There are 4 protein chains.
Amino acid sequence: MNARSPEALVRDTGRRNEAVILNAALEAFGTRGFNGASMRDVAKGAGTSLSNLYNYFPSKSKLLAAVLRHANDELQHRVLRAVEEAGDDAPSQLREAVRAHVGFVVDHQVATLVATNEVRYLEPDDRTALVSHRDATQATFERIIDQGAADGAFRTPYARDAARAILSAVAAIASWYRRDGALSRGQLAEQYARYALALLEGPLPR
Amino acid sequence: MNARSPEALVRDTGRRNEAVILNAALEAFGTRGFNGASMRDVAKGAGTSLSNLYNYFPSKSKLLAAVLRHANDELQHRVLRAVEEAGDDAPSQLREAVRAHVGFVVDHQVATLVATNEVRYLEPDDRTALVSHRDATQATFERIIDQGAADGAFRTPYARDAARAILSAVAAIASWYRRDGALSRGQLAEQYARYALALLEGPLPR
Amino acid sequence: MNARSPEALVRDTGRRNEAVILNAALEAFGTRGFNGASMRDVAKGAGTSLSNLYNYFPSKSKLLAAVLRHANDELQHRVLRAVEEAGDDAPSQLREAVRAHVGFVVDHQVATLVATNEVRYLEPDDRTALVSHRDATQATFERIIDQGAADGAFRTPYARDAARAILSAVAAIASWYRRDGALSRGQLAEQYARYALALLEGPLPR
Amino acid sequence: MNARSPEALVRDTGRRNEAVILNAALEAFGTRGFNGASMRDVAKGAGTSLSNLYNYFPSKSKLLAAVLRHANDELQHRVLRAVEEAGDDAPSQLREAVRAHVGFVVDHQVATLVATNEVRYLEPDDRTALVSHRDATQATFERIIDQGAADGAFRTPYARDAARAILSAVAAIASWYRRDGALSRGQLAEQYARYALALLEGPLPR
DNA sequence: TATGAATGAGGATTCATTCAT
DNA sequence: CATGAATGAATCCTCATTCAT
């Protein structure tokens, strides 16, 4: 029971092998989808026995919930910190928020894909909880956009749905980006930050 | 064996009940995902017996392939026609292409979601075929963008990945749009057309 | 609907495509066993539709029965004719009977295998009928052996089970003989005729 | 989960219920053939659940392979021991080998039938392995016959295929012998030993 | 005759989960 | 914590057969 993928989302949790299981589950769900992956796959990936999984998580569904919670926490953490460290004006904040988001997507492509595609398979309660958690991240963007619209920095007449459009495009990066491709992490972040500002009809760097 | 969902993607195929099965499959895959939906679900939805499905499609996977082919055909058809009917300049063409795409997504939300999320479960050959078909649609957007970039209409320094960003945002509409919400089909199309032009740093209507 | 394997057991039956179906069934049952072969396999082999099979034979089981009947008829015919054409003494008769039997096995390996291995899957009535038909062939050998034992030509103390032993060995040829091997049809017949006479402790050619 | 047929081939294997399953499989395959028997039949015979079978054998085919391996092992063991304990001359060795083989066939009629009729349903690799194992047993007979032919004890001009003929006849016993019939196990063995020596044109007891 | 569509039963196998150890 | 054995429900798919045409 020991494995550390290059993209390991979860580092440590205090409980002996929990992180190993969570990362194995992430990989399994990412590779074959929630319904396509079996608990046996997860166990094999974690190097433990099938039944031992149930000492850590009471069901497959709760395992997914835990994976998604970790992913969301990490994303939210990165975005919030980026905003804090940015200037006071909406354009700067948005720019940094987008860059941080792109960074997360690139660093955790699989987690992003799983978070996008597999939330629907959570049990209702867990899904509700998770969605509201995710909405909090989205709300950060919406708040910035509202402020920018109010003070005239963003001149789009459709500020309302802009956050959704931007975040969708950013999340979709996970489905095509290749680490060994032509675009570096930094370039990609830069590029999408500009897309976002332009879409909002905000001020662009020359 | 008779059903016509409000969103029926497939109208008729010459073979007795093929369309009914395809629409039932679309609904089943949309509701529960490819791996979460069973052939029994599809049969029930189509009002026929489980085994009769196999007189029409040799496997669940081929059934998915057929569904996705129909969806892609319809989307491509709409986009191409819209471009043909638009003016000669890149901004007009892009505008109409986006509007047509948004129209498809709104008319066929489920098909859009299935096309986005379940392609990965195709057998390799079918996936390859489908992806190249889908890329053809994307290529239409890229061609327009290239032209607009060449003649100075689109001033973004990042024309290259812009099509992907725009199409991702448009496809994602399927995951949140509600027919009974505040936004009409037409308003939404208008809005996303402007997002696209703005993102490309092109000319905007006042 | 047209096929003629090199080993075709059935030539013609008066009914349009019956022979084609019977030969296809023989091949299917021979290749995959009665339970392993499907009516679809038979139809494909016969170049006709699945449902058309039922215009000729009321069930898979009856189809097998028909195949086996044809095989047995041909075998019995060959053996009886060989005995008739042989001399009056038991050793000559046995010799010719064995040669004829070996000839059938070599000409119809698949039919021999099917006759040996798949009889058990007949419905009770058909099986009874077929076994008694087959026993008639065996009885021919037993009659000859009894006669030879009575007149002192065969000196084995165990004449009683000898027919079974001989016929088993002959039938088993079907499971290993290769037409392109070292042994010709005629040599093999000669060889097994001598095995039989020797086993019976009868007179051997020098 | 507990059963001991009178003819149980497998006694114990170290793993909890493996032997029970193997014996149930033997019986099922013997009664209805490999393709005619279902895993449910096997499970029922073994007194366990269908799915538990797969904790022991990964597929129906591998289960058959295991059954056949056990049967072959037992047969080979008996024959080899019999040869070791026989005298040095070929006729004695052949006599004891045949007697041992007949003994196995009578003790394990079902196993013999399954070994003869169902090998073909193994996957290619398993079948190759098994056939070569079976050929090893046949090779024991061939060696003895070669030796006897070389030192003049067996005068048949066809020593080459004699082993096949003899072994076929012996194996076929399984298809007709009845424990409650007129012939005892010992008498049958004696009888077939004499058949074999006579067929080889070797020395017969008076 | 010949066909394509239809069906209910059953095929092997995998599933998430539990339990005794 | 960790395991191997166990289970019932469900999976996709194939089966022999029937029926309308």
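These figures come from a predicted structure and were not determined experimentally. A, B, ... follow the sequence lines: proteins, then strands. Residue 1 opens every chain.
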Checklist entry - Can you name the residues that form a side chain to side chain contact (heavy atoms under 4.5 Å, CB included) with A:Ala111, not counting sequence neighbours? => result A:Leu9, A:Leu26, A:Ala71, A:His108
Check whether [X] reaches the backbone of [Y] with its side chain - one donor and one acceptor, N or O, closer than 3.5 Å.
{"X": "D:Asp41", "Y": "D:Ser38", "result": "yes"}
{"X": "C:Lys62", "Y": "C:Asp126", "result": "no"}
{"X": "C:Asn35", "Y": "D:Phe34", "result": "no"}

Rounded to the Å, how far apart are [X] [atom1] and [N] [atom2]?
{"X": "B:Lys62", "N": "F:dC13", "atom1": "NZ", "atom2": "P", "value": "11 Å"}
{"X": "B:Asn35", "N": "F:dA10", "atom1": "CG", "atom2": "P", "value": "17 Å"}
{"X": "A:Lys44", "N": "F:dT3", "atom1": "NZ", "atom2": "C1'", "value": "16 Å"}
{"X": "D:Tyr121", "N": "E:dA12", "atom1": "OH", "atom2": "P", "value": "14 Å"}
{"X": "D:Leu53", "N": "E:dC15", "atom1": "CG", "atom2": "C1'", "value": "16 Å"}
{"X": "B:Phe57", "N": "F:dT14", "atom1": "CZ", "atom2": "P", "value": "15 Å"}
{"X": "D:Arg32", "N": "E:dG11", "atom1": "CZ", "atom2": "P", "value": "8 Å"}

Checklist entry - Are any non-hydrogen side-chain atoms of C:Thr48 and C:Asn17 less than 4.5 angstrom apart? => result no
Checklist entry - Does C:Lys60 reach the side chain of C:Phe29, with side-chain heavy atoms less than 4.5 Å apart? => result yes
Checklist entry - Pairing of DNA chain F as dot-bracket, 5' to 3': ( ) intra-strand, [ ] crossing, | other strand, . unpaired, with Watson-Crick or G-U pairs under 3.5 Å? => result .||||||||||||||||||||
Checklist entry - When you measure from the side chain of D:Ser49, which nucleotide among E:dG4, F:dA2, F:dT7 comes out closest? => result F:dT7
Item to check | Residue B:Arg15, side-chain heavy atoms: nucleotide from E:dA5, F:dC1, F:dA2 that is nearest | outcome: E:dA5
Is the distance from OP1 or OP2 of [N] to the nearest side-chain N or O of [X] less than 4.0 Å?
{"X": "C:Asn17", "N": "E:dA2", "value": "yes"}
{"X": "A:Tyr56", "N": "F:dA2", "value": "yes"}
{"X": "D:Thr48", "N": "F:dT7", "value": "yes"}

Item to check | Considering all heavy atoms, the nearest D:Ala24-D:Gly45 contact | outcome: CB-C, 3.6 Å
Checklist entry - Looking only at heavy atoms, which two atoms of B:Gly33 and A:Tyr121 are closest? And how far apart? => result CA-OH, 3.2 Å
Checklist outcome for this item: Contacts of A:Phe34 and C:Arg16 projected onto DNA chain E by closest heavy atom; the upstream (5') one is C:Arg16
Item to check | Side-chain donor/acceptor contact of D:Asn55 with base of F:dA6 under 3.5 Å | outcome: yes
Nucleotide N/O to protein N/O under 3.5 Å, stretch nucleotides 17-21 of chain F:
{"residue": "F:dT17", "atom": "OP2", "partner": "C:Tyr54", "partner atom": "OH", "Å": "3.0"}
{"residue": "F:dT17", "atom": "OP2", "partner": "C:Lys60", "partner atom": "N", "Å": "2.9"}

Next on the checklist: Taking any heavy-atom pair under 4.0 Å as a contact, classify C:Ala43: base, sugar-phosphate, or nothing.
Outcome noted: nothing
Item to check | Atom CZ of B:Arg127: over 12 foreign heavy atoms under 6.0 Å | outcome: yes
Checklist entry - Between B:Arg120 and A:Glu118, does at least one N-O distance fall below 4.0 Å, as a salt bridge requires? => result yes
